[in-house]
Amino acid sequence: MNASTPYTSERPLHVAVIGSGPSGIYAAEALLKQGATPDGIPAEVDVYDRLPTPYGLVRYGVAPDHLKIKSVTALFFKVLSNPGARFLGNVELGKDLSVDDLKAHYDAIIYTVGASADRRLGVPGEDLAGSLSATEFVAWYNGHPDAAAREMVLHASGVAVVGAGNVALDVSRILAKTATELHSSDIAPHALSALETSPVSDVYLLARRGPAQAKFTTKELREFGELSDADVLVRPEEIALSDAEYDAISDNTVRKNVDVLREFAARVPRGLPRRVHLRFLVSPTELQDDGQGRVGAVRIERNRLDDSGNAVGTGEYEELPVQMVLRSVGYKGVALPGVPFDDKRGVIPNEQGRVVGGQGEYTSGWIKRGPSGVIGTNKADSVETVASLLADVPHLTPAPQPTRQSIDALLASRNVDVVSLSDYQALEAHELAGGEAAGRPRLKVAQLAQMLDVIRAGR
Ligand code: NAP
C-alpha cells in the first residue's frame, strides 16, 4: 500500500466520474487498474450519466452502420461491472446533484461530459428551416432522447453538408444509403422509416480547403466508392495538386485520401439514382430562402489557399439547389453548473486534467481537450488525468461522507430514479430482442419515458 495516502481498502478513494462516455469509462478503468496493484491506491468509482444509458458517443455519436467500432462497449461494460465501479444513470449534475453535493461524498470528481453543442457557420440564412447542425441530425438518427421527439421532415432532394471531417462523411453516407443498406445498421427505427421514403438525390459535401487539408480518415472516405445506389463525384480540378505538392505530403492518411479522391475523380458515373458530390475549395456564403422560410438554395464561393494554407474567397460564386443544409464544422463543449469554463475554447480550463480554479476536480475527453481524436484517443487522455489525480492524493480534502450508502440516501431523498448497470442491461436485452425479431442488430428505444418504462418493468 502507498504510505503517502490516507486511503485504504476500508476507506477507499471515492471518486465521481460525470459522464459515462469513452473518456469517463477510461478514467474509471485507470483508477481501478492502479487500485488493484500492490502499490496502488484502493479506489471506488461512481460513473454518472444524465441519460439512463452508458457509453455516450459510442451509443449516440458513432455512425449506426459502423457496428464494429461499437464493439468497444464490451470492454466498457467490463469496467462498469467491476465491483469497484457503479453506473448511476438518469442523474443530472445541476438538477439532481450539485458540485457541492459531490464534494460532500467524493474525494475527487472527474468531469467527462464531452462536447454536445455545435459550431455555427456565421452566414446569412443559417436559421432558416431546413438548416441544422450535423450534431442534431446525428442525435436524431442515433435515437438520442433529446432529439427523438424532433420532427425531421426529409423532403429535400438536395442536401449540403458543410465540413470535411469524419462527421460530415458520416451524415453524407447515411443520407446516401438505401433503406436496405441501413437495415443492417442500428439506426433508430424512426430514422429508418423517415430515410426509407427520403427523396434525396444529391448530397454535396462542401470542404472549404483542399483534399490535403481535409480532416477525414481514408477508411471512411473509401466507403463512398461502395454505395449501392449512389455515384461518388469528384471534380479533378478541385483536387488538383502538382507533383511537387503531392510529393511534399508527409502525412500518410492525407496521401491515401488524395489517392482515393483521384480514383473517384477518374470514375465514370454509373448513372445511379443518387449522387454524392465531394466538393473542395468552396464555402457557403448564404443560405437562400425559398420564399416560405425554408432553405431553397445555398450560394457558395470558390476558394483558393493562401500561403498559410487558409481558405480565401475568389469572388466566384455558384448556387446549389438544396433544401437542407447540415453544418458539420465541429462540436463545442457546454458549461456545467458550478464548474469553471473557458467559453472561448468550449472546454473546462485544465492543466494535465486538473481543473484550473477547481478543488479536487479533474477533467478528461472532449470537454478537456476539445472535440478531436477517435475513441481510443480518450484512453491516453484519461490516463494522464488520473495520473494527475493520483499525484494530488496527499493534498486532496477527504470527503466528509465518502460512502455509496450516503450518496444513495441523498438521491433517494430527492426521488431520483437512479438507473443501475443491471437496469440498463434490461433495456439492452429489450432492444436486442426487438432487433432479433425485426432481423436487425437492435431496435433502439429513443424516448426517455419509454426507456424508463422498460427499465422499471425489468426490475
Ligand atoms: P473535425 O474533424 O474537426 O472537422 C471539422 C471540419 O469542419 C474541418 O474540415 C474544418 O475545416 C471544417 N470547418 C470548420 N469551420 C468551418 C467553416 N466555418 N466553414 C467550413 N468548414 C469549416 O470535426 P468532426 O467531423 O466534427 O469530428 C470530430 C472528431 O470526431 C474528429 O476527431 C473525428 O475524427 C472524430 N470522428 C471519428 C469518426 C471515425 O473514426 N469513424 C467518426 C466521426 C467523428 P478546416 O480544417 O478548414 O478548419
Side-chain angles (χ1 to χ4, degrees), residues 21-23 56-72 114-126 131-139 141-142 160-174 185 204-224 251 253-254 257 261 278-287 298-306 308-313 320 325-333 345-347 365-378 380-381:
S23 54
L57 273 192
V58 178
R59 183 176 163 104
Y60 294 117
V62 171
D65 56 346
H66 283 171
L67 293 175
K68 241 186 171 167
I69 298 180
K70 300 187 190 209
S71 57
V72 71
S116 56
D118 60 275
R119 295 192 184 277
R120 292 177 64 84
L121 296 171
V123 299
E126 203 169 354
S131 161
L132 61 156
S133 70
T135 318
E136 290 169 274
F137 192 61
V138 169
Y141 66 56
N142 274 333
V161 178
V162 185
N166 278 329
V167 172
L169 293 187
D170 281 349
V171 299
S172 301
R173 188 180 66 255
I174 295 298
S185 78
Y204 302 86
L205 181 139
L206 307 178
R208 65 177 166 184
R209 299 194 288 157
Q213 290 78 33
K215 297 266 174 62
F216 34 67
T217 44
T218 315
K219 186 176 152 287
E220 282 64 27
L221 183 60
R222 275 204 190 101
E223 289 177 63
F224 286 89
D251 185 313
T253 301
V254 172
N257 282 350
L261 289 166
L278 302 178
R279 301 285 312 265
F280 291 88
L281 291 164
V282 289
S283 286
T285 55
E286 185 187 354
L287 278 54
V298 62
R299 186 169 155 86
I300 59 173
E301 183 177 13
R302 169 157 300 286
N303 296 328
R304 62 172 180 80
L305 293 183
D306 68 11
S308 323
N310 295 319
V312 185
L320 299 177
V325 175
L326 295 170
R327 58 180 182 278
S328 180
V329 294
Y331 287 79
K332 197 167 177 259
R345 292 188 53 224
V347 297
W366 280 6
I367 197 68
K368 169 190 178 187
R369 67 174 192 276
S372 67
V374 294
I375 293 168
T377 314
N378 296 296
D381 198 21

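Numbering starts at 1 and runs along the sequence shown. One-based numbering, in listed order, for ligands and for the atoms of each. From a predicted model like this one, the values you see are computed outputs, not experimental measurements.
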Should you measure from each heavy atom of [X], which atoms of ligand 1 turn up under 4.0 Å away?
| X | result |
| --- | --- |
| R209 | 45 (P), 46 (O), 47 (O) |
| S372 | 32 (O) |
| D170 | 42 (C), 43 (C) |
| V374 | 40 (O) |

Derivation of the side chain to side chain contact (heavy atoms under 4.5 Å, CB included) call for V58 and K70:
CA-CA 6 Å; V58 178; K70 300 187 190 209; 4.2 Å; yes
Pick one of side chain, backbone, both or neither for how A164 approaches ligand 1, counting any non-hydrogen atom pair under 4.0 Å.
both
Does V329 approach ligand 1 within less than 4.0 angstrom via side chain, backbone, both or neither, non-hydrogen atoms only?
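Both of them.
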Closest approach of any protein heavy atom to [atom], naming residue and atom:
| atom | value |
| --- | --- |
| atom 20 (C) of ligand 1 | R208 CD, 3.6 Å |
| atom 23 (O) of ligand 1 | G330 CA, 4.3 Å |
| atom 28 (C) of ligand 1 | P371 O, 3.8 Å |
| atom 30 (O) of ligand 1 | W366 CZ2, 3.5 Å |
| atom 38 (C) of ligand 1 | N166 CB, 3.5 Å |

From the list I300, V325, V298, V282, side-chain contact (heavy atoms from CB on, under 4.5 Å) with V162 holds only for V325
Candidate list L205, I174, V161, test side-chain contact (heavy atoms from CB on, under 4.5 Å), partner L169, passing option:
L205
Between ligand 1 and [X], is the shortest N or O to N or O distance under 3.5 Å?
| X | answer |
| --- | --- |
| Y331 | no |
| R120 | no |
| G373 | yes |
| H66 | no |
| V167 | yes |

Closest to atom 4 (O) of ligand 1 (heavy atoms only, candidates G165, S133, G163) is G165
Residue selection (non-hydrogen contact nearest atom 41 (N) of ligand 1) among K215, E220, R119:
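The residue whose heavy atom sits nearest atom 41 (N) of ligand 1 is E220.
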When you measure from the side chain of N257 to the backbone of F216, do you find a donor-acceptor pair of N or O atoms at a distance under 3.5 Å?
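Such a contact is found between N257 side chain and F216 backbone.
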Nearest heavy-atom pair of [X] and [Y]: which atoms, and what distance?
| X | Y | answer |
| --- | --- | --- |
| G370 | V347 | N-CG1, 3.6 Å |
| D381 | G365 | OD2-N, 2.9 Å |
| I367 | G333 | CD1-CA, 3.8 Å |
| L57 | W366 | CD1-CZ3, 3.5 Å |

R120 side, atom CZ; S131 side, atom OG - distance, nearest 0.5 Å:
7.0 Å
Is it the case that over 12 heavy atoms from other parts of the model lie below 6.0 angstrom from the CZ atom of R345?
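Not buried by this count: 12 neighbours or fewer within 6.0 Å.
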Would you say L305 and R209 make side-chain contact, with heavy atoms under 4.5 Å?
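Yes - at least one pair of side-chain heavy atoms lies under 4.5 Å apart.
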